[in-house]
Amino acid sequence: MKVQKQVFKFLFRLTLFISFVQIGYGNQSQGLNDSGGLLSAKQHGDLSFMLPYEGLTAKLGKRFVKGHEQFDETWVLAPAPGVWGLGPTFNEANCVGCHPKNSRARPAKVGEEIEKGNVIKLGYRDGDGVVSPAHPWYGDQLQNRAAENRVPIEGSANISYEYTQFIYPDNTSVALKRPVISVKNLNFGDLDDSTIVSMRIAPQVIGLGLLEWVSDQDLLEIAERQKKQGLSGRPNYVVDLETDRLVIGRFGWKAAQPNLKQQTAVAFHADIGATTFFFPEKNCPKIQARCRELPSAAKCGGQGGCTGNNFRPEVLPSRLKNITTYLQALNIPKRRISNPEETLQGDVLFSESGCASCHVPTLVTGVNTLTKELRNMAFHPYTDLLLHDMGEQLADHRPEGTANGEEWRTPPLWGIGLVNEISGGLGLLHDGRAASIEEAILWHGGEALSSRQKFVNLSKSNRERIIQFINSL
Ligand code: HEC
Ligand code: HEC
């Protein structure tokens, strides 16, 4: 039985390999296969992004359930009842506050405060023109909430939009909007021209384990192939805080985090304000004295008591592990295909327009997977996890790791057809500016300009087929 399975896997990889060689990696069509391989949910609807991989062992299943609870659990300021360690400054009190039902945040509406998964990252350009991804007084993210009556908030922001009209050669027009951020209620001084403001929307968090398990080698090979196509995709190199090594970044809009554990620790620190072994210091820039002085729940443990003078993080390692398992085991929804013929045509047009060079249809997991069955498994995320220069219109001018201010990681396209329904609104691209797949495509520039141009020159019905195809993933 086992041997049979191995033979089958070998044949499967061989077929995959042959199809790469025949039509070139990144151009292969996936037909109507489910995107997540074994990690595909059997149903859709509102809960599509919350369903676990069914092949979990009993032990992993328990960890998944625990991780789910902890993803939703609300953090509080000691001594209120709940998990201690919130703030002193923060944006939301739990993960689900920004990733509703594990989906993308709903984009902020005109006049609304920027919150609930829409966040403002900050950068700073010093006198010599050197740019860093943090502001000296406000840090790398603007915290709009704080421990009431004890610590001031950093500030808050509102959103409005600047509109332009795009007109196709066939005269159809589309309104495009771009966010304009106004920062207010600043408690530590004004933000002048040296400040870089980059808005981000919280993405859906499905299928991330699969992306974590792809080997570095595979990603480097894709980058090599892209060079021959005139693209300059490259990995972000970032510090793995556990090993202190430079490794390939995979998560976040600029691929600034190398793995899900570190991404989770960053979220606890930057978004919720809780300490971990990764970030033992509270998230309080030097100038924010009251924030620094407020005693940390970690010093005399909210969760588990005092351990002498030893540092005890507010987020225990077991919590990071549970949430990591939770994220790794979240299924990708099953494909939704109402018209197979048109969907298949959309698939072909997607490749012919050059979209598949970056939104790579097929990747394969390596060997360090959650369960044995998930090893060496092909799946279809439509990403290369690489950074691309997307042009001035999308640039935020804020570097992260080795990513520069024009570069963004190609986001996976699986599941995005369900986001609108689940989140109650659709905000595509890093700052949520695109309310439709079509708008998202029309913003593509830089390396993706010629691909966008091919899309623009298609007939209306062919453009619709590409969109229908993406919606089905
Ligand atoms: C205040 C809102 C907020 C909270 C709270 C929050 N996130 Fe996020 N999350 C974001 C944003 C915004 C991004 C995109 C960050 C970037 O790259 O700029 C993100 C990105 C992520 C990603 C990367 C997804 C990808 O496709 O690469 C993961 C995983 C994630 N968050 C998990 C968590 C977990 C786990 C928690 C709780 C510990 C959490 N988040 C809490 C806003 C939030
Ligand atoms: C050079 C690489 C590249 C090519 C070619 C490319 N894209 Fe993208 N795509 C990206 C990157 C990078 C982003 C994210 C940009 C941002 O967030 O500002 C993106 C974002 C998107 C999004 C929004 C996804 C989300 O989660 O918000 C869609 C939809 C999309 N692309 C579809 C397409 C289609 C369709 C084509 C072909 C016409 C295409 N792309 C060609 C790199 C590429």
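Start at 1 with the first residue, then count along the sequence. Both counts, for ligands and for their atoms, begin at 1 and track the order of listing.
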Within the structure, is a non-hydrogen atom of Pro203 found at a distance of less than 4.0 Å from ligand 1?
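The answer is yes, since Pro203 has a heavy atom less than 4.0 Å from ligand 1.
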
At the 4.0 Å heavy-atom cut-off, does Arg409 count as touching ligand 1?
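Yes; Arg409 lies near enough to ligand 1 that a heavy-atom distance drops under 4.0 Å.
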
For [atom], which protein heavy atom lies nearest, and how many Å away is it?
atom: atom 3 (C) of ligand 1; answer: Cys98 SG, 2.7 Å
atom: atom 9 (N) of ligand 1; answer: His99 NE2, 3.0 Å
atom: atom 13 (C) of ligand 2; answer: Pro411 CD, 3.2 Å

Give yes if a backbone or side-chain nitrogen or oxygen of Phe71 is under 3.5 Å from a nitrogen or oxygen of ligand 1, and no if not.
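Min N/O separation from ligand 1 is not below 3.5 Å for Phe71.
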
Is it the case that ligand 1 has an N or O less than 3.5 angstrom from some N or O of Asp271?
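For ligand 1, there is an N or O atom that lies under 3.5 Å from one belonging to Asp271.
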
Are Asp396 and Lys254 ion-paired here, with the side-chain N under 4.0 Å from a carboxylate O?
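A salt bridge links Asp396 with Lys254.
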
Give a yes or no on whether a salt bridge exists between Arg145 and Glu113, defined as a side-chain N under 4.0 angstrom from a carboxylate O.
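The answer is no: the pair does not qualify as a salt bridge.
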
Using the six-membered ring wherever Trp is involved, compare the ring planes of His135 and Tyr124 and label them parallel, tilted or perpendicular (cut-offs 30° and 60°).
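If you compare the ring of His135 with that of Tyr124, the planes turn out perpendicular.
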
For His68 and Tyr326, take the angle between the two ring planes, folded into 0 to 90°, and tell me which bin it lands in: parallel under 30, tilted 30 to 60, perpendicular over 60.
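Judged by the thresholds at 30° and 60°, the geometry between His68 and Tyr326 is parallel.
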
Can you tell me which portion of Arg104 lies within the under-4.0 Å heavy-atom range of ligand 2? Options are side chain, backbone, both, or neither.
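The part of Arg104 near ligand 2 is the side chain, not the backbone.
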
Tell me which part of His430 gets within contact of ligand 1: side chain, backbone, both or neither, using heavy atoms under 4.0 Å.
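It is neither; nothing of His430 touches ligand 1.
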
